[in-house]
Each structure stands twice: as C-alpha cells, then as structure tokens.
Amino acid sequence: MTSLVVREQVSLESLHTFASLGQAQKLVELTAVDQLEQITAQWAAWPQPIWVLGSGSNIVFAGDFPGTLILNLLKGRDCLSENTTQNTAIWRVSAGECWHDWVAASVQAGWSGLENLALIPGTVGAAPIQNIGAYGVELAEACVGVTAWHMPSGQMRYFDRAACAFSYRDSFFKQPDERHQWVIVSVDFQLSRTFQPKLHYPALHDYPEPLTDAKSVFDAVCQIRQSKLPDPAVLPNAGSFFKNPIVEKAFAAQLHQVLPELPVYSINTAQASPDGVETGPVEPVKLSAAFLIEQAGLKGLNWHEVGVYAQHALVLVRHQPGPGRAVLDLAHHIQEVVAARFGVNLAPEPEIWPLQP
Ligand code: FAD
Ligand code: NAP
C-alpha cells in the first residue's frame, strides 16, 4: 500500500479555475484505490470539512478553506466488455482522468455517445456529481454506473444508473445527506459504434458544415465552445455561475408577457417550443439564466477585480488576482437584481466555500 501524500497550508489559486487567492489547511493526494482505507482511518482526525477536489472547475473558494481537500488523481481506462452484435462497449474510467481527454480518445477510437460533451473542463469523477450537460446531451445518457467509496464508513458501493438519481444538473451525490460523503472512484460508460446524432441545439443544428459522424460533432463543439467561452487559463472563471432556473409553466407564461423574447424550454424533451411556453404535458420548464441577467443590464458589469463576461452573461470572470470575496458579492448583486426585476431566484451552479445559506 502506498502512503498518501499530505501537504499543509496549500495555495488555492492553482487548484480551482476561478483562481481566487487563499489557502487550504490540508491537501491529500489520492493516487491509488488502496489508499482509500487511509482516508477513512483519518476521517475524524483531519481538519473539517473534507471535500474531494478534481480540477476545481466547478468550485469557487471565496475565502480560506479551513478543512481538507482530497485531490483525486486516480488514473486508468479499461474496456470491460464489447457487444459486437449491438456494436456497443462498456468502458470503466478512473475518476482522476481528464474529462476532455477521455471524450477525445473515445471519439478518436470510433465510439459515439460523448461527442456533444467535448471540452468541458474537469475530471471524469466529477462528471456524475452534477450530471454534466451540454448541447442537448447529459452524462446520464452514457453513464451506466458509478463506483464510489463512502469515506466515513469505508464501504465501496456500485451505483447503477437508477441509483445515481440523475436529473438536470443534479444527482444522488449532491443531495444534502450524501454531499461530500463519497469519493467517486470510477465511472462506467456505454458507448456505441453507431452514431446517434443529437443536433437539436441551434449552435449544432445551424452549424455551417455537415455533422455526419461523432468526430465532426466533436470538432464542431470544440470550435463553438472556443469561440464563445473564456479559457480559464487566460481569464479565470467557473463556467456558468448560475443554473438555468426551473419554474412552473404558469409562472413562465406570466414572465413571457413582460419578456416576449424569453427562451423557455421543456426539461425532458430538450426542445424549445415555437411560442416559448407551450411545452406539452411537462409542467416545470427551464428559463435561460443568461437571458435574464442580460435583460437586467448586468452583462459586462465590472465589480472590483471580477465581473460578468462581456460575451456571455452567465460566466463570471476574474480580471485581476484577488481573494474570492468579490465574486460572492457580485453573485449576490446579480441575484438581487434579477429577483427584483423578474421574481426569479438564481441559484449558483458551482460549489462555493464558505457554503451559502
Ligand atoms: P471540481 O470543481 O473539482 O468539483 C466539483 C464538485 O464535485 C465538488 O463538489 C467536488 O467536491 C466534487 N467532486 C469532484 N470530484 C469528485 C470525486 N471524484 N468524488 C466525489 N466528489 C467529487 N459543466 C457542465 O455541466 N456543462 C458544461 O458545458 C460546462 N462547461 C464549463 C466551461 C467552463 C469554462 C468551466 C470553467 C466549467 C464548465 N462546467 C460545465 C463546469 C465543470 O466543468 C463541471 O462541473 C466539471 O464536471 C467539474 O469537474 P472538476 O473535476 O473540475 O470538479
Ligand atoms: P446556448 O447554446 O447559447 O443556449 C443558451 C441556453 O439555452 C443554454 O443554457 C441551454 O440550456 C438553453 N438551450 C438552448 N437550446 C436549447 C434547446 N434546444 N433545448 C433546451 N435548452 C436549450 O448556450 P451556451 O451558453 O453557449 O452553452 C452551450 C452548452 O454548453 C449548453 O448546453 C450549456 O449548458 C453548456 N455550458 C455549460 C457551462 C457550465 O458551466 N455549466 C458552461 C458553458 C457551457 P442548457 O444549459 O440546459 O443546455
């Protein structure tokens, strides 16, 4: 058994893509599955809280972290089985693998299923936490299981897709009683040799070149994302800072009177309705948070050393080095203005330390 590498008083700046200044009390590097027992043995003794960390692309530190970060560095990709009749295979990928590298490798090897999720920052192990999604595809569609270690009790458990309880940017692992209790160790994917295009998002539907296989969709998604989103290595950010609000259809209809251009989407079919509100039998609907922030006049707002990205209202960016407090103040300001103007509560998407009420 290899010993865990443990470091004290570690700078947070390079551990998360929003790059706020600050320190973590303790950082533990998890590089092998047989080290999980040591985490459980130390669980009560280490500084609290204890959080697992991937690439830090969905975590914002708005102050020093007084607890323990477990940096997931577990590596490995294995094909568990291949069904040559159905042209499918099950792959098991370790949690510390880079998400985009795994997507690129799968597409390169002729597998389809993950191409719409290209270029999402982060690790494979974090992907189930919020059921990552982009361009009309969610992780839940390809993920058939998750293996996770329960840190307090030291139990390894296999979660099939149903047990993961995936929903829109949510899963079992984000529920209040489960949050920060599990280390995701590996994720199982079912991929197909047969290309099943999901091209209903406007950016892909209207793409100027033919999208006829997984590789062309992968390339298109990379190109679109690079043209729209700031690279965290150049302009620190945490992607979408707020979730798209899910509201009752009747409320969306009222809002639509005030904001006729407001995009309203049904949740399950992932299709926009022609008039924006007639979405069929599904009652809850999804609004565009970016649209609301832009309509509130906040796009491009600068706030001390942070701001709202001028090209994308949902992305908060860091213009200058500094502690994390400013982004929290900016986020609160956006929430207050949008709530006052439109009666919509925006919930942050990233994990924020200190935990928000
Ligand atoms: P971290 O930020 O390190 O952690 C996120 C959460 O997961 C934390 O609560 C952490 O404790 C927990 N966690 C991480 N690893 C594990 C593990 N192994 N076991 C248990 N818990 C764990 N998200 C989307 O859904 N779609 C997008 O299109 C998208 N685009 C983005 C674009 C940019 C520019 C950025 C910066 C972010 C984007 N995101 C997107 C958000 C982010 O990339 C994803 O949520 C990603 O899955 C986070 O991975 P990570 O390794 O960085 O997780
Ligand atoms: P976009 O394509 O301009 O769309 C704007 C918003 O409308 C998105 O939030 C998207 O919802 C929604 N949308 C568009 N077409 C839709 C359809 N046919 N059915 C249902 N919803 C639809 O968005 P973007 O900002 O450029 O991002 C593109 C994709 O990458 C989106 O899926 C987005 O979620 C993802 N992304 C996520 C993050 C993050 O940090 N979470 C960051 C960057 C990009 P959804 O967001 O629900 O898809």
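On a predicted model such as this, the values are computed, not experimentally measured, just so you know. Note that ligands are numbered from 1 as they come in the structure, with each ligand's atoms numbered from 1 the same way.
For Asn72, every heavy-atom contact with ligand 1 shorter than 4.0 Å involves the side chain, none the backbone. The residue Val315 has no part lying near ligand 2, judged by heavy-atom distances below 4.0 Å. Proximity of Trp182 to ligand 1, defined as any heavy-atom pair under 4.0 Å, is confined to the backbone N, CA, C and O atoms. With a 4.0 Å cut-off on non-hydrogen atoms, Tyr135 touches ligand 2 through its backbone as well as its side chain.
Below 30°, between 30° and 60°, or above 60°: for Phe241 and Phe18 the angle between ring planes is above 60°, a perpendicular geometry.
Between Phe166 and Phe172, a ring centre-to-centre spacing not shorter than 6.0 Å is recorded. Less than 6.0 angstrom separates the ring centroid of His100 from the ring centroid of Phe218.
For atom 14 (C) of ligand 1, the candidate residues are Ser55, Ala134, Ala126; the nearest heavy-atom contact is made by Ala126. Among Lys286, Gln311, Glu349, the residue whose heavy atom lies closest to atom 11 (O) of ligand 2 is Lys286. The heavy atom nearest to atom 17 (C) of ligand 1, out of those in Ile59, Val52, Val317, is found in Val52.
Of the N or O atoms in Ser240, one or more lie within a sub-3.5 Å distance of an N or O in ligand 2. Taking any N or O of Gly133, backbone or side chain, at least one lies under 3.5 Å from an N or O belonging to ligand 1. Looking at Gly56 next to ligand 1, an N or O pair under 3.5 Å apart turns up. Considering both main-chain and side-chain atoms, Asn237 never comes within under 3.5 Å of ligand 1 through any nitrogen or oxygen pair. Considering backbone and side-chain N/O of Gln130, none are found under 3.5 Å from N/O of ligand 2.
If you check which protein heavy atom lies closest to atom 36 (C) of ligand 1, you get Gly239 N, 3.2 Å.
For the ligand labelled ligand 2, residue Ala203 lies outside the 4.0 Å heavy-atom shell. Residue-ligand proximity: Arg225 is placed with a non-hydrogen atom under 4.0 Å from ligand 1. Residue contacts with ligand 1: Arg179 is excluded, as none of its non-hydrogen atoms falls under 4.0 Å.
Relative to the six-membered ring of Tyr158, Arg92 misses at least one condition, a distance below 6.0 Å or an angle of at most 45° to the axis.
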